Each structure stands twice: as C-alpha cells, then as structure tokens.
Amino acid sequence: GAVHVRIAGDYLYVTAATADSVVIFSIADLTGTAATVTPIATLNDGDESSKMDGVYCSAVVGNYLYVVGNEDRLVIFDISPLPAAPVLKNEMLINDGTKDHTNFRWIEISDGVAYVAASETDSVVLLKLTDDLGNAIYENPTFLSVINNGTGFPSLDNVHNLLVSGDILYVSAPADA
C-alpha cells in the first residue's frame, strides 16, 4: 500500500512499498465541485531485480524525482516531460568511501543537499546536489557526509524519518529499534 505522499507543483507522488512503485497523479484541476485527480504515470520496471523494490519515499527538486526504498540505490528520474512519462536518469549506489548504505526509508532535500535515512547502517547520508560553483548536478549527486552513531549522536538505530527545517535536521526511529 501507499507509504508516502509528496506534492510538488501540479503533481502528487505516491510511493507504494508493496507495489514497488511510485504513482504520479495530476492535481492541476482541484477547483470547483468537479475537482479531478488523474493518474498519469506509474514508475517501476516490473522486474524482481528492480532498484525500485520496497519504495518508501520520494522527493522532488527542480525537474527531478528522487526515489528511495529497500534497495541499495537512489533512483533518479527526469520529470520535465510530465504529463508524458518521466525518464530514468540514474540508479546510484550510496557509498561513503568505506561502505555501501542500504535499506533507505526517507529522503528530504533542502538547500542543495539530499538527506537520506539508511536504516540498515543506522545513518543519515548527505549528498550534494550542486557542484562547488553552485551549479546543479541533480542527475549525479556526490557524497558530502554521513551522520551515524559514531559521530556524536546518542542513537540513530534503524533511522526512518527525516525533516529539515532551516538549519535543523530532525530524525526519528521506531521505539523498538
């Protein structure tokens, strides 16, 4: 079923972990008594080796949709063709130089940085979405930093949800972690 909903512009993005997909709806016509929500695209590859397995969360910045889930990759789509089908641009491993981070539960994007909750490694991984000159590199983010139990935080065990507000990163994990 649906596990996360994100609204960006005239579109609603619904992630469905058990269906291994993101369904995109047009919400451009929500006025009056005849408001309509129209499904326009479903993103998955229908393959057991899909990098969209167990999709938990998505985020949108510019013309790009970022999708995370149980697999070990961040999946990036160009959504500029909407309402036509989005285009797969990248399926990238997230590695901090010592290990791959996996089992992603959440992604938030703020001020050119993607924050990814990796519950398997009890970490929040930060990826740069701009180069050193401030140019967008949305299709190919680069590793910036990792926050985990060894970086002065009491517990990031099984981290699940994130929220960025201004200069503050809020992190939550289930009580049974």
Side-chain angles (χ1 to χ4, degrees), residues 2-27 39-97 99-121 123-147 159-164 169:
V3 293
H4 182 260
V5 174
R6 178 90 59 186
I7 296 174
D10 288 339
Y11 299 100
L12 172 73
Y13 302 84
V14 179
T15 57
T18 55
D20 300 332
S21 64
V22 176
V23 180
I24 303 172
F25 296 87
S26 171
I27 57 171
I40 58 169
T42 299
L43 305 176
N44 66 18
D45 68 6
D47 181 341
E48 287 301 313
S49 66
S50 165
K51 301 309 177 211
M52 298 275 289
D53 287 347
V55 172
Y56 274 93
C57 190
S58 67
V60 174
V61 63
N63 288 323
Y64 292 90
L65 171 68
Y66 297 80
V67 181
V68 296
N70 282 339
E71 282 296 328
D72 59 352
R73 295 174 194 251
L74 171 63
V75 182
I76 303 169
F77 292 91
D78 178 354
I79 55 174
S80 63
L82 287 175
V87 177
L88 176 66
K89 293 309 243 179
N90 197 350
E91 293 180 338
M92 63 177 280
L93 291 169
I94 298 180
N95 185 295
D96 66 13
K99 65 182 167 191
D100 290 335
H101 291 273
T102 59
N103 207 4
F104 305 127
R105 291 292 186 248
W106 204 267
I107 183 168
E108 283 293 324
I109 298 174
S110 179
D111 294 329
V113 176
Y115 301 80
V116 181
S119 65
E120 187 72 22
T121 55
S123 303
V124 178
V125 181
L126 285 64
L127 303 171
K128 286 176 48 173
L129 301 179
T130 58
D131 64 17
D132 292 336
L133 299 175
N135 300 311
I137 52 172
Y138 295 144
E139 292 178 20
N140 296 296
T142 58
F143 177 78
L144 179 62
S145 182
V146 64
I147 302 167
V159 61
H160 270 61
N161 297 19
L162 305 172
L163 174 67
V164 179
L169 171 65

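No experiment lies behind these values; they were computed from the predicted model shown. Below, all heavy atoms of this structure are taken into account, side chains as well, without hydrogens, waters or symmetry copies.
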What verdict does the salt bridge (charged side-chain N to carboxylate O under 4.0 Å, His left out) test give for Arg105 and Glu120, after you've listed the backbone C-alpha separation in whole Å, the side-chain angles of each residue and the deciding distance to 0.1 Å? CA-CA 10 Å; Arg105 291 292 186 248; Glu120 187 72 22; over 6 Å; no
Starting from the C-alpha separation in whole Å, work towards a yes-or-no answer on side chain to side chain contact (heavy atoms under 4.5 Å, CB included) for Ile7 and Ile27. CA-CA 9 Å; Ile7 296 174; Ile27 57 171; 3.7 Å; yes
By the definition ring pair (Phe, Tyr, Trp, His ring centres under 6.0 Å), identify the one residue from Tyr13, Tyr56, Trp106 that meets it with His4. Trp106
Does Glu108 form a side chain to side chain contact (heavy atoms under 4.5 Å, CB included) with Cys57? I'd like the steps, not just the answer. CA-CA 9 Å; Glu108 283 293 324; Cys57 190; 5.6 Å; no
Approximate separation, where rounding is to 0.5 Å, of [X] [atom1] and [Y] [atom2]:
X      : Y      : atom1 : atom2 : result
Thr142 : Met92  : OG1   : CE    : 8.0 Å
Leu144 : Lys128 : CG    : NZ    : 6.5 Å
Tyr66  : Tyr138 : OH    : OH    : 7.0 Å
Leu169 : Leu162 : CG    : CG    : 5.5 Å
Asn103 : Ser123 : CG    : OG    : 11.5 Å
Leu129 : Ile137 : CG    : CD1   : 7.0 Å

Return the minimal non-hydrogen interatomic distance between [X] and [Y], and the atom names on each side.
X      : Y      : result
Val159 : Ser119 : O-CB, 3.2 Å
Asp131 : Leu133 : OD1-N, 2.9 Å
Asp100 : Thr121 : O-CG2, 3.9 Å
Val55  : Asp20  : CG2-C, 4.0 Å
Leu127 : Pro141 : CB-CB, 4.0 Å

Check against side chain to side chain contact (heavy atoms under 4.5 Å, CB included), Val68 and Val116: CA-CA 8 Å; Val68 296; Val116 181; 4.2 Å; yes
Please confirm whether the backbone N or O of [Y] pairs with a side-chain atom of [X], one donor and one acceptor, at under 3.5 Å?
X      : Y      : value
Ser21  : Asn44  : no
Ser26  : Tyr11  : no
Asn90  : Glu139 : yes
Ser110 : Val164 : no

Taking side chain as C-beta onward, heavy atoms only, is [X] less than 4.5 Å from [Y]?
X      : Y      : value
Val14  : Val22  : no
Thr15  : Val23  : no
Asn135 : Thr130 : no
Leu65  : Pro86  : no
Pro81  : Val87  : yes
Ile40  : Phe25  : no

Applying side chain to side chain contact (heavy atoms under 4.5 Å, CB included), run through Asp78 and Tyr64 and close with a yes or a no. CA-CA 5 Å; Asp78 178 354; Tyr64 292 90; 4.1 Å; yes
